[in-house]
Amino acid sequence: MKEKNKEKNGNIRETMSQSDKRKMFLSHCYQHPMDVLRLGKATVLYGTEGVKARADELARKEWDRQNRKEEDEEESIVYNIKFSIIISVYDGEITWLEKTLLSIKNQKYSNWEVCIGVISKNSEIHEYLEAITDNRIKVKYLEENQGNAEALNEVAAIAKGSYLLLVDIGDELSLNALCAFYNNLSKTNADVIYSDMDRIDEKGRHFAPLFKPDWSPELLRSQMYMRYLIGIKRKLFEQYNGFSSEYDGAEVYDLLLRMSENTDKIAHVSEILYSRRKLHNSSNTDSKLMMQLAGKNAIQAHLDRTIGKGAAIVETIKNRLIYDIRYYQKEWPLVSIIIPTKDHANDLKTALDSIFSETVYDRYEIIILDNNSEKEESFQYFDEIQQQHENIRVVPATYEFNWSKLNNQGIDLAKGDVLVFLNNDVKVIEPTWLQRMVEYTLQPGIGVVGGQLLYEDGTIQHAGVVIGMGGWADHVYKGMQPKYQITPFISPMVVRNVMACTGACMAISRKVIKKIGGFDERFIICGSDVEICIRAIDEGYRNVYVPQAKLYHYESKSRDSYIPQIDFELSDIMYMGYRKGGDPYYNKNLRMDQCIPGIIEKPSSLKRVKSMNVGIDMIRELHFRKVKREKERLNLLLPALNSEYVFGGIATALRCFEALGEALDCDMRIVLVDVPLSPKAAEKYGKKYKIVYPENDSKAKKQIVSMAVRKGNTLAVSDKDQFMFSAWWTAYIVQNEYRQWEHNDKLTPRPFLYLIQDYEPGFYAWSSYYSLAESTYRCEYPQIAIFNSHELKEYMTAKGYKFMRTYCFEPILDLLLKKSVHELDSTVYKRKQILVYGRPSVARNAFEIIVEALRKWVSIQIGVESWTVLSAGEQHEPVHLGEGMYLNSVGKLTIEEYAKILRESYAGISLMISPHPSYPPLEMSAFDVQVITNGYANKDMSIFSENIISVNNLNAVQIAYELKKICDGYHTVVPHRVVNEEYINAKEPFGFIQEFKKDLIERADKE
């Protein structure tokens, strides 16, 4: 790799323009000013040519820094997994063996061996193999007349690697095949791993790519979709006694089926890592028939072991390596077919007539939910069908249309053990449709079963739902012919697992319904069919598409296309992780903007984001001017009042200030020191406070004045003003100004009210800033400390700080957040979203540790690409976390925006290296976010709520593994629980005020 980099860097003069060189040179000088000094030295020593050479070197250095990501990742690989590549060599052209071995030798990943089993007496082949000097290639000569299984077992016996990879002669691995397997296995430690593949002809031209879904048990029972490239953990291979000669021709298929009975640690790399060679002489009908029969026998044996002999039978599809399984029951259950309708008697008649005339399954009842029909012909038909059929009930549903509610009513009325939800605009095509759905519905581990629906013209309308397709969710294969055909994905005629099925034809067992619950009635028209499917998957079930259950669907004839906004909002939350990370039962390399499987031609390259600088603003002086006032005035210094800042400490300070002002019945003034008042904030607060310019004197009872712009402005101050601080720098600028004023015999301050919401010196390393913050607690003027938690008060007392008086209150939930919490239902939808309290410029929030923890989490979390990681609290540039994942900032949110993100986030991280119980973890826990925070000194926030995980060791790796535990348990729907009654519903948040007022009166009397 070093030689490769050297060559790459050496070609920079040819690969960079002069303009690029200048940019790279300037960029490097900006980042490394010492090199500018060295450049000056080169000028003295070597003249103009020396400067040019040195500048060119610096440009190359910067170019390499910005473009070495791929090489750095490769260099960082520990190569601690050894792959043993198993190849059987029969008679054939040496050319194809050479190409296969060359593709292995060219791998970027170097820890591999090739184990070749030779079943050939061809002297040229023997000579070629014996001439190989690479000690990573091992050869074993095998006896002839033994089957594939025994031959492969003998070769595997000499393998020493952790994983066995099966490769055929002529086939080729992509350059990064082993790297891709390693990267996945280092996360998943999978027992089996497989990749996507394509074909390659004799001239090296690639064609017929196949992009596979993730692990799909029902698809594996239908066809051997995982073959090429496949890796098997060697220890497990040996545990299962390798390949069985009983299934020669399908020996790998049989082994995978056996392994799948005891492990679901089966990983998929969504990349084409294997190219299967198509040779003109490779077609062999007898061999294909042997493979088909062996595959059938392997599946049958698998089913006999897993569900019992006689419980299923495997049938073959003519001329195809595809299988159809029929499941049997000793007793077939009653099926309840639930059909909501409103009028459209002719459509309903078509559906019912087809059910009665075509369906071979005879144990069913039909429940028709009449949702406010109005036409007389409808009521006549309802009477007629109930008289004709004893197993039909028409039940009134006299409420506004809600698809979920209608079907839930049907569930309550149903007597069957299998529930089939059916639209009124369908027509049965296949007589076994209902039996097929029941067969799968009753199998262990199956959640929701959907059928194949066709348009009136015979093309596919539904063959499984892909989440994210079309932006939301859509039906894959829509518009295609319902026949066995080659696509870049799987044939639409094969049983496979899916994320979801359409509610137009959906079957669920009562047993599953009891566990996962009915349809969510918060959805009105669309989305609850997909939501219940996702819920089934969350509970560990598998959803299945069964193409043999075939009906016409005339596409929602009975209602218009209107979809309520609430359906979009709920679907947005529910689909988010899959829209971003991909549907595991589809493939991220396939286009999501069309229903017919198509390849993304040019995947967009990932942009690397430049790292950001983190710093602390300098303190700016605040200057007073002396004025006279008649009435006492309480002043609160705040950094800002704009909506995106008013949460946490600022919101608490504002509430405390207003409560104090009301209790003391004094004038009140808010002084903004960092951010000017925005027009929106001015409109909001202007209803209660008068907005005063710094240069003006005002006698208004309640004022807001902005001192964010200090230059040329002074703050009007009298001997009646008392100051209240909300952060150390607000205290510092006032204390310092009073110190100057006192020296000039202008004013002696009244006791300061210091609202201490954290141990702020600890926000910084031992530095000037630490000293500045700490000095505000040791001010020579009298100060009254107000602590926002007992933990903080105890900590400060233990450190020996002295105050004139101390008061204390406990954190409470912001009023607007409280309102939002009370609006939550008993269950809430959660995106695959992690919310980070990310403030890079605030050292106490340990932003760097959070980033390191997230980077580690990305490297260990399976399915990480489906998660979104957001940072709230401060606007910053995206931070690259690895593997194309970024920590994206949403900045400083309004309280309403913050509440929305809290409602939707599943996990959170909020660190504060301080003794104070910081607000974000409390707020997150109130919104059912499982949040990781840290203990410190006497602080342990886990006792506040079961949603808070408090780590006592602020270690990035520990945080990453805690986060993985949370994410591994992800569910779309989580129960909402009140976490801490006093925190959420405190009636008197500032109970200390009455004591404060009493003390103030007593002091005044003494004076």
Start with the C-alpha gap between Arg496 and Val498, add the side-chain angles, then the distance that decides, and say whether side chain to side chain contact (heavy atoms under 4.5 Å, CB included) holds. CA-CA 6 Å; Arg496 70 183 198 283; Val498 291; 3.8 Å; yes

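- Here Lys832 does not pair with Glu904 in a salt bridge; the nearest charged N to carboxylate O distance is not below 4.0 Å.
- For Ser866 (side chain) and Gly863 (main-chain N/O), a donor-acceptor pair under 3.5 Å exists by modelled atom type.
- Asn589 places a side-chain N or O within 3.5 Å of a backbone atom of Ser270 that can act as its donor or acceptor partner.
- Minimum heavy-atom separation, Phe519 to Ser404: CB-CB, 3.7 Å.
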Please tabulate, for the side chains in residues 952-967, all donor-acceptor contacts under 3.5 angstrom to protein atoms that are two or more places apart in sequence or on a different chain.
unit_1 : atom_1 : unit_2 : atom_2 : d
Asn955 : OD1    : Val957 : N      : 2.8
Asn955 : OD1    : Gln958 : N      : 3.2
Lys964 : NZ     : Asp968 : OD2    : 2.8

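- When all heavy atoms of Gln875 and Val890 are compared, the closest pair comes out as OE1-C, 3.9 Å.
- For the pair Gln861 (side chain) and Val858 (backbone), a donor-acceptor distance under 3.5 Å is absent.
- Note that CD1 of Ile909 is 15.0 Å distant from OH of Tyr837, once rounded to the nearest 0.5 Å.
- A salt bridge between Glu852 and Arg855 is present, with a side-chain N of the basic residue lying under 4.0 Å from a carboxylate O of the acidic one.
- Ser678 pairs by the side chain to side chain donor-acceptor pair (under 3.5 Å) definition with Asn642, not counting sequence neighbours.
- Remark: Arg535 engages Glu531 in a salt bridge, criterion side-chain N to carboxylate O under 4.0 Å.
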Residues Arg579, Asp572; criterion salt bridge (charged side-chain N to carboxylate O under 4.0 Å, His left out); working and verdict: CA-CA 9 Å; Arg579 290 165 71 188; Asp572 178 45; 2.7 Å; yes

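- For Lys892 and Glu874, the salt-bridge test fails: no basic side-chain N is under 4.0 Å from an acidic carboxylate O.
- For the pair Thr827 (side chain) and Pro975 (backbone), a donor-acceptor distance under 3.5 Å is absent.
- With ring centers used as reference points, Phe211 lies 6.0 Å or more from Phe489.
- In terms of the ring pair (Phe, Tyr, Trp, His ring centres under 6.0 Å) criterion, Tyr477 has no residue partners (sequence neighbours excluded).
- Legend: residues meeting ring pair (Phe, Tyr, Trp, His ring centres under 6.0 Å) with Tyr585, ordered by chain and number and at least two apart, are absent.
- Between Val929 and Ser905 the shortest heavy-atom distance is CG2-O, 3.4 Å.
- Cation-pi geometry between Lys405 and Tyr399 is met: under 6.0 angstrom from the ring centre, within 45 degrees of the axis.
- Scanning both residues, Cys533 and Met506, for their nearest heavy atoms gives SG-CE, 3.8 Å.
- In this structure, the side chain of Arg591 does not engage the main chain of Gly598 through any donor-acceptor pair within 3.5 Å.
- For Asp814 and Lys818, the salt-bridge test fails: no basic side-chain N is under 4.0 Å from an acidic carboxylate O.
- A donor-acceptor contact shorter than 3.5 Å links the side chain of His971 to the backbone of Asp538.
- For the pair Val449/Tyr545, no side-chain contact is recorded, criterion being any heavy-atom separation below 4.5 Å from C-beta on.
- Of the possible polar contacts, one joining the Tyr906 side chain to the Gly969 backbone as a donor-acceptor pair under 3.5 Å is found.
- Using a 4.0 Å cut-off between a side-chain N of Lys or Arg and a carboxylate O of Asp or Glu, Glu791 and Lys939 do not qualify as a salt bridge.
- Scored by the ring pair (Phe, Tyr, Trp, His ring centres under 6.0 Å) test, Phe568 finds Trp472 as partners (sequence neighbours excluded).
- Once rounded to the nearest 0.5 Å, the distance linking CD1 of Ile525 with CG of Asn402 reads 8.5 Å.
- A distance of 9.5 Å separates OH in Tyr919 from CE in Met912, rounded to the nearest 0.5 Å.
- Taking CG from Leu902 and CD1 from Ile895, the interatomic distance works out to 8.5 Å, rounded to the nearest 0.5 Å.
- Taking OG of Ser528 as the reference point, atom CZ of Phe421 lies at 10.0 Å (rounded to 0.5 Å).
- Panel note: side chain Gln930, backbone Asn947; no donor-acceptor pair is recorded below 3.5 Å.
- If you take CG on Leu824 and NZ on Lys819, they are separated by 13.0 Å, rounding to the nearest 0.5 Å.
- Between the side chain of Asn788 and the main chain of Glu810, no donor-acceptor pair closer than 3.5 Å is present.
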Evaluate the side chain to side chain contact (heavy atoms under 4.5 Å, CB included) criterion for residues Trp403 and Asn423: first the C-alpha distance (whole Å), next the side-chain angles of each, then the deciding distance (0.1 Å), finally the verdict. CA-CA 10 Å; Trp403 188 86; Asn423 272 23; 4.3 Å; yes

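- The list of salt bridge (Lys or Arg N to Asp or Glu O under 4.0 Å) pairs with a residue in residues 942-954, not counting sequence neighbours, reads Glu946-Arg977.
- Under the 6.0 Å cut-off for aromatic ring centres, Phe847 and His876 qualify, their centroids lying closer than that.
- Side chain of Thr502 to backbone of Ala504: a donor-acceptor contact under 3.5 angstrom is found.
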